[in-house]
Amino acid sequence: SQLEEAQAAADEAAAAAEEAAAAAMVEEQPSWYPLTMEDFTNANIDWQGPAKNGPAEGITLHVAVLSHPYINSLRPYIPLFEELTGVEVAYDILPTEEFWVKTAADLAGGTGFYDLVMTGTEFEWGWDEAGWLYDLNEFIDDPELTDKDWYDLDDFYPYDLAAHAWNGEYGIGTYGQGRQNAIPVNSEPLMLMCNQELLDNAGLPGPPTTWEEWAEYAEAMTGDGNYGVVQRGARDYSLMYGYAPGFFAYADRDLDENLKPVFNCPECVEYTQLYGDTLREYGPPGQTNIGWDAVIANMISGTVGCAVDDMAFVGDNYENPDASQVVGKMVYGNPPAGPTGEIRIPVWYWSWSINSATSRPEAAWLFMQWATSSPVMTIVSAQQRSMVPVRKSVWESDEMVEITKDWGNFREAIDASRPYWGNFYTVQPNMVAMTAPWVVAIQEVILGEKTAQEALDNAVIESEKILSDAGLYD
């Protein structure tokens, strides 16, 4: 009827007008949409304080960051911080190796050129002892600079925040108290990821639950162009990432009560021999040249069964249909258990620290507080996709649930794994340097050049010398 046609035309016109209004509204949104100024001005913080009380020429923060998806996701929103505070931000984006060298040189030089730097837990201990980092409690406890209700430190998962505090004492479990050296922006737990299709083809009941099963299942999945396992094996500190979950499931510690290396204990030797033999026999060629990127490349090709590696890579890689052959085929879970049932999940973090030599500490803290707030981290985590958030509100947000809901059992695996997260190395400032001979020993076992006993015995001697030369026994 004419009435129905008129009504339909009116409905269509209304819908078009609504769509045009929405489009116009989007065009009018600032570059940092969907964040708004109100997300931050409702905090009881004088965001303009440092700029108003600062030098006439204004304040520019210099920030050292590495080329990383987190930074790529954060950068579009920095203009909001600049307008909110009146503080400019200049950042150096550096390749990974150059980043560590240049950052350490600046901190050691005491020039204060970089006001903030990105850090990682194991490096923070050495930088803390050297006096290079601010204790962030100084800012957290200052009501002029921090609205504790708005910033809500209780929203961080407890271990994620505790991993960046240290009381300065050497030993097992001395982190989590004392100085707050950094605030994390993401967590990267080292967990088991397996190709369910290859497990099924080999007639296996599911992912391995012990390291002995890990070796047996690797053998079962190897053949017809497939390999059972792949792990990081290149000669740098990151080799320890895939090795450490098993080592600490077998062994109690890396150093004894006197801080002497003991990673050649009987259980240590047993695990290292199993680990090296398995990678040599059932891993892809060139295992000792494989870094994190090659682990991903092998796994997403669909030709490798299992890896113990970084769960932050799942979204952009394993579950990315534009890059991966294993979308919907992966199963995630805790690393295999040791002989007594122990499960250990070391976690790498990227985090923010403030240079103790900065002349702009208050402005630096406002940037850090803004960048690690729930509103910013919710948007940045969603855009980065592959982050494992450190805030409960972000992990449980609609944005993150929507993004991760199709990644198999990813969310369930992360939630179930958290009780096993921790740092299991002896806390001391030379931890990364101490592992260099250990890395060489692991490679020698993978290559079959030495037995685990021979390789680890030699590495213990070299590691003790490194610690002695560093003054650990003075």
Please set out all donor-acceptor pairs under 3.5 angstrom arising from side-chain atoms of residues 89-105, sequence neighbours excluded.
from	atom 1	to	atom 2	distance (Å)
Tyr91	OH	Arg75	NE	3.4
Asp92	OD2	Tyr114	OH	2.6
Thr103	OG1	Phe99	O	2.7

Under 6.0 Å between ring centres: does that hold for Trp47 and Phe81?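 Judged by ring-centre distance (under 6.0 Å), Trp47 and Phe81 do not meet the cut-off.
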
Aromatic ring centroids of Tyr175 and Tyr159 under 6.0 Å?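 Centroid distance Tyr175-Tyr159: below 6.0 Å, so yes.
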
Please enumerate all residues that pass salt bridge (charged side-chain N to carboxylate O under 4.0 Å, His left out) together with Glu197, with sequence neighbours excluded.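 Partners of Glu197 by the salt bridge (charged side-chain N to carboxylate O under 4.0 Å, His left out) criterion, ordered by chain and then number, come out as Lys329.
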
With sequence neighbours excluded, residues passing ring pair (Phe, Tyr, Trp, His ring centres under 6.0 Å) with Tyr77: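 With neighbours one apart ignored, the set is empty.
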
Set of ring pair (Phe, Tyr, Trp, His ring centres under 6.0 Å) partners for Tyr157, sequence neighbours left out: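 Residues passing ring pair (Phe, Tyr, Trp, His ring centres under 6.0 Å) with Tyr157: none at all.
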
Is the shortest side-chain heavy-atom distance between [X] and [Y] below 4.5 Å?
| X | Y | value |
| --- | --- | --- |
| Pro429 | Asp128 | no |
| Asn298 | Tyr227 | no |
| Val308 | Gln231 | yes |
| Arg232 | Asp310 | yes |

Other residues, nucleotides and ligands only: do more than 12 of their heavy atoms fall within 6.0 Å of CD on Glu281?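 Counting other residues, nucleotides and ligands, CD of Glu281 exceeds 12 neighbours.
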
If you count heavy atoms of other groups shown closer than 6.0 angstrom to OH of Tyr151, is the number above 12?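 Counting other residues, nucleotides and ligands, OH of Tyr151 exceeds 12 neighbours.
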
Show every side chain to side chain donor-acceptor pair (under 3.5 Å) that has at least one partner inside residues 282-295, sequence neighbours left out.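 Pairs touching residues 282-295 that pass the test: none.
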
Pairs where residues 336-356 contributes a residue and the test salt bridge (Lys or Arg N to Asp or Glu O under 4.0 Å) is met, not counting sequence neighbours: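 Output for this query lists Glu342-Arg344.
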
For Ile59 and Pro50, work out which heavy atoms get closest and say how close.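 The answer is CD1-O, 3.3 Å.
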
